[in-house]
Amino acid sequence: MIRQYDKIKDMDLSFETKLVDHKINEMDTGRDLTQCICHVDMDAFYASVEELDDPSLKEIPMAVGGMHMLCTSNYKARQFGVRSAMPGYLALKLCPQLKIIPLHFPKYRAASAKVRAIFAKYDPSFLPMSLDEAYLNLTNYLSTSELTPEQLVQQIRDEIQQETQLTASAGIAANRMLAKICSDFNKPNGQYFLPMEREAIMKFTSNLSIRKVSGVGRVTERVLQTLDVKTCGDILHRRAILYRLLSPISFQFMLKCYLGLGSTNFNLESDRKSISVERTFSALSKPDDLYRKVDELAELLAVDLGRNQIQGGKTVGIKLKLTSFDVRVRSKTYPSYISKKEDIARIVKELVQKELPVSIRLMGIRLSSLPPKVDDDHGVKKYFKKRKNTDAGEEQPRKISTVPSSPVSVLTSTSVTPDTHLTASIAANENAPSIVAVTCPICSRSLALDNHQFNQHLDECLNKVTVKAILQQQQQNQSPPQDQTQGRSLLDYYR
DNA sequence: GCGGATCAC
DNA sequence: TATGGTGATCCGC
Ligand SMILES: Nc1ccn([C@H]2C[C@H](O)[C@@H](COP(=O)(O)OP(=O)(O)OP(=O)(O)O)O2)c(=O)n1
Ligand SMILES: [Mg+2]
């Protein structure tokens, strides 16, 4: 894609610009500002639930999880850089006083149920995204009430606090994408209202970091940064380039970011497409050990199948994470549904066997191509679709990639290089493959990287300011001849 | 349909 | 000592 970019960047793209402008105009005109969408997100959820049972935890840095992995942390701990999905033992290096509390899922489920009961009062069709998070469409409720959106959401949050002693943050806006971002604006224990008006929305997005948009993760952020796109507003300046470089789906998603468009309706009860189970363990490589794992996982998966009343799946897949952390996925599709644990185990073992020899730290098994959901609703009713939502291609961000063959490249000729997946092409097409030994000015590690890799490394280092500041502080404070390995491993984690 | 990858939570 | 688990989507074959 970099190569494509180099080729395109100096071309005259007035034609593309005109075409894109027309599309933008179309989308802008179709904007739906009639709905009032609210995103509610509980604050430091698991940690806050733990603080209910032990209020002394509120005063100290605390995280929930184990030495292997933390699920979340309270806000005191976040000041030290302790976050979700961080190994506990590394978090302890950032914050030696950190107290780690084991997970208590039944408590989180109970708290979640209370919160959801409140959601249901204001929107019976609310859309839960996880135990601690949901979207509500408040349009109907507001039409029967004198309250302003802000007053109503304040009331909902008050009610949550009364019922659970837990605090929530909320965002109110014209669609899900915006409401989600707004809920983060005044977190914790706050709310933000973005008026359902075009001007307010355009002002809001113009300066908004693209990374705030759900669906734009670390990788996508970096790629867009390469194209000088840091905010949603930047998308307009680079619209022609983006049109040429991105797939139609990705480009459409970018325009939606620029315009602040998003879905307003909730596709409840969409069919599940796969069911899986995976486990991490200390390294295994002996075939007998691997096959024993297969049996354990097949048993778990079979139970889960029954619990969810799923007949089976036609596609059986495995996932192996090597001790190098490389991941391999393999799958095979059959003409009939697989469901018995013995059948699952047999097929999975065949798939595993082909990968031998391997040394792995994780094994996962998965069934997909599941049967269409059984409606326990009999009779002809089901033939009259309860179509609450006819949105085709609704909320599909993800996967920035090169456009297969843009309309223009068809005109301009020649089968250009087969466009590869974005990340692959960045690695492969990097114009200066010369690997150079350099020393990172931030983490002081010597690195053997090409130019692009080095820049990525710098980005990472700069993104982790909090972590590094604390690390350096610790290195200074502690006796000089100390764990070189500890500092290194922590930085490796943020590679 | 397959495999790699990204993303949310 | 120690770097999770589940499900979805997208891309290019
Ligand atoms: N990678 C992750 C992210 C989150 N969670 C769990 C723990 C969180 O408590 C819960 C909710 O996720 P959030 O992203 O909403 O994080 P918190 O609610 O903990 O914090 P906050 O919303 O205040 O930022 O999901 C997890 O297990 N693994
Ligand atoms: Mg939360």
Side-chain angles (χ1 to χ4, degrees), chain A residues 1 41-42 45-46 64-72 83-93 100 103 105 108 112 128-134 180 211 213-223 246-250 253 267 270-283 297 300-301 304 308 314-321 323-335 351 361-370 393-405 418-427 485-486 489-495:
Chain A
M1 195 184 97
D41 187 330
M42 303 296 293
F45 185 55
Y46 298 175
V64 180
M67 286 299 263
H68 289 270
M69 185 56 56
L70 302 180
C71 276
T72 193
R83 305 268 171 75
S84 297
M86 178 180 282
Y89 73 97
L90 288 182
L92 279 175
K93 295 191 192 308
I100 298 181
L103 285 158
F105 267 104
Y108 315 143
S112 179
M129 300 303 289
S130 67
L131 281 184
D132 89 315
E133 192 170 318
K180 169 91 172 103
R211 183 66 166 82
V213 178
S214 178
V216 177
R218 282 165 48 180
V219 176
T220 307
E221 178 190 30
R222 271 204 295 261
V223 171
L246 305 187
S247 71
I249 286 179
S250 295
F253 177 69
N267 187 353
S270 74
D271 301 2
R272 172 208 289 265
K273 296 187 174 54
S274 73
I275 184 166
S276 65
V277 56
E278 67 188 51
R279 288 291 180 272
T280 293
F281 37 74
S282 50
L297 294 175
L300 291 173
L301 188 59
D304 211 15
N308 289 281
K314 291 185 184 177
T315 302
V316 180
I318 64 167
K319 169 172 155 185
L320 304 177
K321 190 188 285 183
T323 46
S324 62
F325 281 83
D326 288 335
V327 174
R328 281 188 208 169
V329 173
R330 300 291 181 264
S331 67
K332 188 165 155 68
T333 301
Y334 290 84
L351 292 171
R361 73 190 322 279
L362 171 146
M363 181 187 292
I365 68 180
R366 165 193 310 263
L367 283 175
S368 51
S369 310
L370 307 183
E394 187 42 42
E395 203 70 349
Q396 289 138 314
R398 275 175 270 292
K399 286 315 170 196
I400 291 198
S401 175
T402 317
V403 59
S405 82
D419 299 311
T420 59
H421 188 276
L422 176 66
T423 55
S425 74
I426 276 191
T485 55
Q486 286 191 5
S489 66
L490 181 53
L491 286 168
D492 275 342
Y493 175 72
Y494 284 103
R495 185 166 41 87

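Residue numbers start from 1 in every chain, and the chains themselves are labelled A, B, ... in the order their sequence lines are given, proteins ahead of strands.
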query: When the distance from NZ of A:Lys332 to C1' of B:dC2 is rounded to whole Å, what number comes out?
result: 12 Å
query: Looking across every strand, which nucleic acid part, if any, lies under 4.0 Å from A:Lys180 by heavy atom: base, sugar-phosphate, or nothing?
result: sugar-phosphate
- prompt: Closest to the A:Glu278 side chain: C:dG7, B:dC7, C:dT6?
  reply: C:dT6
field: A:Leu131 CG to C:dG5 P, straight-line distance once rounded to whole Å
entry: 17 Å
query: Between B:dT6, C:dT6, C:dT9, which one does the side chain of A:Lys273 approach most closely?
result: C:dT9
Rounded distance [0.5 Å steps], CD1 in A:Ile275 versus CG in A:Leu370: 7.5 Å
message: Between A:Ser84 (side chain only) and A:Cys71 (backbone N and O only), is there a donor and an acceptor less than 3.5 Å apart?
response: yes
message: As a test of reading the structure: which of C:dG5, B:dC7, C:dG4 is closest to the side chain of A:Ala85, going by heavy atoms?
response: C:dG4
task: May I have the distance from A:Leu301 (atom CG) to C:dG7 (atom C1'), rounded to whole angstrom?
output: 13 Å
- request: Assign A:Ile275 to base, sugar-phosphate, or nothing according to its heavy-atom contacts below 4.0 angstrom with the strands shown.
  value: sugar-phosphate
message: Parallel, tilted or perpendicular: which one describes the rings of A:Tyr46 and A:Tyr108, with boundaries at 30° and 60°?
response: parallel
Nearest-angstrom distance from the residue atom CD1 of A:Ile365 to P of C:dT6: 11 Å
- request: Check every atom of B:dG1, B:dG3, C:dT3 against the side chain of A:Thr333 and return the nucleotide holding the closest atom.
  value: B:dG1
task: Measure from CZ on A:Arg272 to P on C:dG5 and round the result to the nearest Å.
output: 17 Å
task: Just compare C:dT6, C:dT3, B:dG1 and give me whichever is closest to any side-chain atom of A:Lys319.
output: C:dT6
- line: Ranking B:dC9, C:dT6, B:dG4 by distance to the side chain of A:Ser130, first place goes to B:dC9
- prompt: Where each residue is assigned the nucleotide of DNA chain C containing its nearest heavy atom, which of A:Arg366 and A:Lys321 is assigned the position nearer the 5′ end?
  reply: A:Lys321
query: Of the nucleotides B:dC9, C:dC11, C:dT3, which one has an atom closest to the side chain of A:Tyr89?
result: C:dT3
query: Rounding to a whole Å, what distance do you find between A:Met69:CE and C:dG5:P?
result: 8 Å
- prompt: With sugar-phosphate meaning primed atoms plus P, OP1 and OP2, does A:Leu362 contact a base, only sugar-phosphate, or nothing at under 4.0 Å between heavy atoms?
  reply: sugar-phosphate
statement: Ranking C:dG7, B:dG3, C:dT3 by distance to the side chain of A:Ser276, first place goes to C:dG7
- request: Looking only at side-chain atoms of A:His68, point me to the closest of C:dT3, B:dG4, C:dC11.
  value: C:dT3
field: Protein-nucleotide distance (A:Ile100, atom CD1; C:dA2, atom C1'), rounded to Å
entry: 11 Å
